Protein chains: 2
Amino acid sequence: MKTPPLPLLDRPEGMTTHDYAFARLRQAIMVGSFRPGTSVTIRGLAEALESSPTPVREALRQLTSIGALQFLENRRIVVPRITPARFEELIALRIALESHAARRAVAHLSERQIERIVAIDDSIEDEIRRGDQAAALIANQAFHRTIYTANPDQIVMPLIESVWLQLGPILGIAMEHVTELYVVDRHREAIEALRRRDEDAVADAIAADIREGIGGFDQQAVARLLKLAA
Amino acid sequence: MKTPPLPLLDRPEGMTTHDYAFARLRQAIMVGSFRPGTSVTIRGLAEALESSPTPVREALRQLTSIGALQFLENRRIVVPRITPARFEELIALRIALESHAARRAVAHLSERQIERIVAIDDSIEDEIRRGDQAAALIANQAFHRTIYTANPDQIVMPLIESVWLQLGPILGIAMEHVTELYVVDRHREAIEALRRRDEDAVADAIAADIREGIGGFDQQAVARLLKLAA
DNA sequence: TTTCTGATAATGTGATCACAAAATGAGATT
DNA sequence: AATCTCATTTTGTGATCACATTATCAGAAA
């Protein structure tokens, strides 16, 4: 069991060791630092995070509950494997959830929030230009999250983040082998539709954004990526 | 902090204390044994479950991750409060998720599985006749779960179960004050549509089932229930 | 009466230990 | 060479303890 390097993360004053461990592991999985099928151990991660096992155990309970990791029958903990069919389910679910979330956010968005979303979209392009795919992934998520959390009563974000997390490891492989992951997007259409407060158009733009973005990987492409990572 | 009586649950040979604690607490929340806003403590639950605090701590990390419980800023753990607006978001999300899941299951359902679903629907009616609302809720969930899990690559069930869990406490109040919670349903239409392998009709029947079932509680009705429980 | 202060109690956090369960590797047997 | 057995190692689980943080309560001051 070799723990990959975990991307560093700021630890604010007063943040508990458990919260820090959880945030750091979650981030690592989200940006593809762990490959599908990778085994992890409590003590190995505790060492990498420079903590005792207790906070790591609790973080692992959380990570398994949100689909980022998986407890096996033999009690081992692994990064879930993914098949092309499951990838397709993840994309379809992402489309269902995010178009639903976008619809229900439209009525709540202020002009200021829309300008904020535009700024985030610009930052995605900066990151792409810079060649930093993980940062582009994070910025892309911030773009989507800022739209959906405009709805003050939304409860869908934890579900969406869980789907994003489950896509992390395969996207990590893709980021190593594909250079234009976030070039195609429909963010402009989404922003135009937000300005018009047109729920249908927003939902359609978000769905198209996902379908034509990472959803463009068909089953053959996913199988190829998985083979590359074996 | 008074722990309500936790419904008993079978503990199979070899089941870890943690898994038992988690399953028992999850079930209790699902069937409405805990009221919204109820505070829980690690030691209190450990005592009720006759275990040491460690397995309970880990179970609480899981339960908070799936929306069943909530860590507050002051580190206290509570059953989440719910507002009428959040209830409406839960219903809308349930409709979005479950009609999506039903659609994607249709192609996978065998005749035998459909007969199994019919049998579960009959058992719901038995439970209603018997006046056992918690058992009817569990059977209703089994009806839905059996449809959606026909899709072997589905990944949506943990998300659906999280929404069900978040509805548990308010439904617990409803079960105390309303006697006909599961009388209205559209299960027959859903079954007919499954037999015809008609994805649109299945999705419509599931959506209508939710909307006309517990979705029939409008914001005023929810507010009234919350007042009754205060 | 209300507000403030300080002591005490309650509750979550992290560390450590012992034990249970599963994996691994070496040697013996087929 | 393949399979089995057993000892050792690895890894997860549960218990317990001490400590940190937050809540509560009683008494004093305004």
Side-chain angles (χ1 to χ4, degrees), chain A residues 1-4 6 9 11-26 29 34-35 37-81, chain B residues 1-4 6 9 11-26 29 34-35 37-81:
Chain A
M1 187 328 272
K2 250 187 299 240
T3 300
L6 303 176
L9 209 54
R11 182 173 180 178
E13 179 89 37
M15 189 184 206
T16 62
T17 299
H18 159 266
D19 283 347
Y20 177 65
F22 172 69
R24 205 154 160 215
L25 290 170
R26 184 180 174 284
I29 293 164
F34 289 87
R35 291 294 177 264
T38 302
S39 217
V40 299
T41 66
I42 293 164
R43 291 176 175 109
L45 293 176
E47 187 179 327
L49 291 159
E50 295 178 324
S51 87
S52 79
T54 308
V56 170
R57 287 169 59 172
E58 295 191 12
L60 292 182
R61 292 296 181 184
Q62 284 178 268
L63 289 162
T64 53
S65 291
I66 58 179
L69 294 173
Q70 182 181 17
F71 272 115
L72 300 182
E73 273 273 317
N74 65 2
R75 298 181 172 194
R76 295 304 138 105
I77 306 163
V78 296
V79 179
R81 288 191 184 277
Chain B
M1 185 333 270
K2 249 190 297 256
T3 300
L6 303 177
L9 208 54
R11 183 174 178 177
E13 178 91 37
M15 189 183 205
T16 62
T17 300
H18 159 266
D19 283 345
Y20 177 65
F22 172 70
R24 205 153 160 216
L25 291 170
R26 184 180 175 282
I29 292 164
F34 289 87
R35 291 293 176 263
T38 302
S39 214
V40 300
T41 66
I42 293 164
R43 292 176 174 109
L45 293 176
E47 187 180 327
L49 291 159
E50 296 178 326
S51 87
S52 78
T54 307
V56 171
R57 285 168 61 172
E58 295 191 12
L60 292 182
R61 291 294 180 188
Q62 285 179 270
L63 290 163
T64 53
S65 292
I66 59 179
L69 294 174
Q70 180 180 19
F71 272 114
L72 299 183
E73 273 274 316
N74 65 1
R75 298 182 176 194
R76 295 302 138 108
I77 304 163
V78 296
V79 179
R81 288 190 183 280

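Quick note on labels: first sequence line is chain A, next is B, and so on, each numbered from 1. Because the structure is predicted, anything quoted here is derived from the model rather than measured.
Shortest non-hydrogen contact noted between A21(A) and L49(A) is CB-CD1, 3.8 Å. Pairing each heavy atom of L45(A) with each of F34(A), the nearest pair is CD2-CZ, 4.4 Å.
What separates CD of E13(B) from C1' of dA21(C) is a distance of 14 Å, to the nearest Å. Following rounding to the nearest Å, E58(B) (CD) and dG12(C) (P) show an atom-to-atom distance of 15 Å. Regarding L45(B), its CG atom lies at a distance of 17 Å from the P atom of dA10(C), rounded to whole Å. Atom CZ of R43(B) and atom C1' of dA18(D) are 11 Å apart (whole Å). The distance between atom CD of E50(A) and atom C1' of dA15(C), rounded to the nearest whole Å, is 16 Å. The CD atom of E47(A) sits 13 Å away from the P atom of dT10(D) (whole-angstrom rounding). When rounded to the nearest whole Å, the span between CD1 of I42(A) and C1' of dA18(C) equals 15 Å.
The side-chain hydrogen bond (donor to acceptor under 3.5 Å, both in side chains) check on R35(A) picks up E176(A), with sequence neighbours excluded. For P55(A), the side chain to side chain contact (heavy atoms under 4.5 Å, CB included) criterion is met by T17(A), H18(A), S51(A), S52(A), not counting sequence neighbours.
Interatomic distance, CD1 of I77(B) versus CG of L60(B), reported as 4.5 Å (0.5 Å rounding). Rounding to the nearest 0.5 Å places CE of M15(B) at 6.5 Å from CG of L9(B). Rounding to the nearest 0.5 Å places CD of Q62(B) at 9.0 Å from OG1 of T64(B).
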Under 3.5 Å between N/O atoms: give me all the protein pairs with nucleotides 4-6 of chain D, atom names plus distance.
none

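Residues of residues 60-77 of chain B having a heavy atom closer than 4.0 Å to DNA chain C, listed by number: R61(B), R75(B), R76(B), I77(B). Across residues 15-26 of chain B, not one residue has a non-hydrogen atom less than 4.0 Å from an atom of DNA chain C.
A donor-acceptor contact under 3.5 Å is not formed by the side chain of R57(B) with the base of dG14(D).
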*Trace of the side-chain contact (heavy atoms from CB on, under 4.5 Å) decision for R57(A) with T54(B)*: CA-CA 10 Å; R57(A) 287 169 59 172; T54(B) 307; 3.5 Å; yes

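The nucleotide whose nearest atom lies closest to any side-chain atom of S52(A) is, among dT16(C), dA18(C), dT13(C), dT16(C). Relative to the side chain of T54(B), the nucleotides dT11(C), dG14(C), dT16(D) differ in distance, and dT16(D) lies closest.
Under a 3.5 Å cut-off, the side chain of R24(A) and the backbone N or O of L6(A) do form a donor-acceptor pair.
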Distance-only donor-acceptor hits, side chain of residues 65-75 of chain A, under 3.5 Å, sequence neighbours excluded:
residue : atom : partner : partner atom : Å
S65(A)  : OG   : R61(A)  : O            : 2.9
N74(A)  : OD1  : R76(A)  : N            : 3.0

